[in-house]
Amino acid sequence: MSSTAERKFINLRKRLDQLGYRQPLGIESLPLVEKLFSDLVHTTESLRNAKLSAGKTEKESKNLDALLEPYKTENARLVRENNELHLGVLKLKEEKDRLSKDLKANIRRLEHETADLKFLNNQYVHKLRAQEKDSKAKTEMIQQLQEKNLQAVVHT
């Protein structure tokens, strides 16, 4: 075995022993175990970095949650207020629609009543004209009778 291979073997053996891997290690397995050990160290470091990153991310998330809490509270209040306003708008719209319907019905009723009154007025105008004509005729008749009566009185 060459001195570099022996150094690698001794070095690897110490590191394995430090980590609690005391199983026998053959020289022919040295390249495979070195590669596996390197991958283990790399994976362990990656895991540690991932845990640190996750811890930072969790801390940042909690900080953001703390920063967002007032906004969440305000948003919930605004959503409730918006829902109440929307409900109020719907009620006002229903009331407006009801009033509009009532007013339209009232307009139709008044239009019918106006038409009936105009018709009745026309009938009264015709009746009045007929009575005026009749009255004129009677007045003329009275005048004629009075003239005849005066002539009769004057002759006597």
Side-chain angles (χ1 to χ4, degrees), residues 1-140:
M1 189 173 4
S2 70
S3 66
T4 46
E6 283 182 29
R7 264 185 288 147
K8 280 185 177 181
F9 182 81
I10 291 171
N11 219 1
L12 184 59
R13 182 74 256 172
K14 282 181 186 177
R15 291 173 74 191
L16 286 170
D17 288 342
Q18 287 173 349
L19 293 175
Y21 296 105
R22 303 206 189 315
Q23 290 80 5
L25 175 62
I27 195 75
E28 68 280 350
S29 303
L30 183 62
L32 176 62
V33 174
E34 272 184 318
K35 179 67 177 144
L36 289 172
F37 188 76
S38 173
D39 287 349
L40 175 65
V41 169
H42 177 70
T43 303
T44 303
E45 287 176 10
S46 293
L47 177 62
R48 186 173 354 116
N49 290 338
K51 283 183 179 180
L52 286 173
S53 178
K56 287 180 186 177
T57 302
E58 185 178 350
K59 186 177 180 181
E60 289 172 358
S61 175
K62 286 180 183 178
N63 288 340
L64 286 175
D65 283 346
L67 288 172
L68 291 176
E69 188 57 37
Y71 296 108
K72 288 179 179 178
T73 303
E74 179 71 4
N75 187 52
R77 184 189 66 76
L78 289 173
V79 166
R80 277 192 310 276
E81 185 178 329
N82 185 48
N83 288 341
E84 290 170 2
L85 289 172
H86 182 67
L87 185 63
V89 165
L90 290 177
K91 286 181 180 178
L92 286 174
K93 185 182 180 308
E94 288 175 2
E95 179 67 14
K96 178 201 66 91
D97 290 345
R98 187 190 61 76
L99 283 173
S100 178
K101 182 180 174 185
D102 289 350
L103 289 172
K104 285 178 182 177
N106 206 12
I107 287 171
R108 279 192 305 278
R109 183 185 56 80
L110 290 172
E111 285 172 345
H112 287 111
E113 189 175 316
T114 302
D116 291 347
L117 289 172
K118 283 181 180 179
F119 176 75
L120 191 60
N121 187 44
N122 282 336
Q123 284 185 331
Y124 287 150
V125 166
H126 287 358
K127 190 174 184 180
L128 179 64
R129 284 185 185 149
Q131 286 180 348
E132 284 176 347
K133 189 177 181 182
D134 189 45
S135 172
K136 187 177 178 182
K138 287 180 181 178
T139 302
E140 287 175 5

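Interatomic distance, CG of Leu67 versus NZ of Lys72, reported as 11.0 Å (0.5 Å rounding). Atom OH in Tyr124 sits 7.0 Å away from atom NZ in Lys127 (nearest 0.5 Å). Considering CG of Asn63 and CG of Leu68, their distance stands at 10.5 Å, rounded to 0.5 Å. To the nearest 0.5 angstrom, Leu78 atom CG is 12.5 Å from Tyr71 atom OH. Here the CG-CG distance, from Leu128 to Asp134, works out to 12.0 Å after rounding to the nearest 0.5 Å. One finds the NZ atom of Lys56 at 15.5 Å from the NZ atom of Lys51 (value rounded to the nearest 0.5 Å).
Thr4 is linked by a side chain to side chain contact (heavy atoms under 4.5 Å, CB included) to Ser2, Arg7, counting only residues two or more places apart in sequence or in another chain.
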Side-chain donor-acceptor distances from residues 27-48 under 3.5 Å, at least two apart:
| from | atom 1 | to | atom 2 | distance (Å) |
| --- | --- | --- | --- | --- |
| Lys35 | NZ | Asp39 | OD1 | 3.4 |
| Thr43 | OG1 | Asp39 | O | 2.6 |
| Thr44 | OG1 | Leu40 | O | 2.7 |
| Ser46 | OG | His42 | O | 3.0 |

Pairs of donor and acceptor atoms involving the side chains of residues 104-115, under 3.5 Å and at least two apart or interchain, shall be tabulated with distances.
| from | atom 1 | to | atom 2 | distance (Å) |
| --- | --- | --- | --- | --- |
| Asn106 | OD1 | Arg109 | NE | 3.2 |
| Asn106 | OD1 | Arg109 | NH2 | 2.5 |
| Arg109 | NH1 | Glu113 | OE1 | 3.3 |
| His112 | ND1 | Arg108 | O | 2.7 |
| Thr114 | OG1 | Leu110 | O | 2.7 |

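In terms of heavy-atom proximity, Asp17 sits nearest to Arg22 at O-NH1, 2.5 Å.
In the displayed structure, Glu95 atom CD is contacted under 6.0 Å by more than 12 heavy atoms of other residues, nucleotides or ligands.
A donor-acceptor pair under 3.5 Å links the side-chain atoms of Thr57 to the main chain of Ser53, judged by distance alone.
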Audit row: Lys91, Glu94, salt bridge (Lys or Arg N to Asp or Glu O under 4.0 Å) steps and yes/no: CA-CA 5 Å; Lys91 286 181 180 178; Glu94 288 175 2; over 6 Å; no
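Each of Glu140, Glu132, Lys138 was checked for a side-chain contact (heavy atoms from CB on, under 4.5 Å) with Lys136, and the lone residue meeting it is Glu140.
Side-chain contact check for Lys62 versus Lys59: every heavy-atom pair is 4.5 Å or farther apart.
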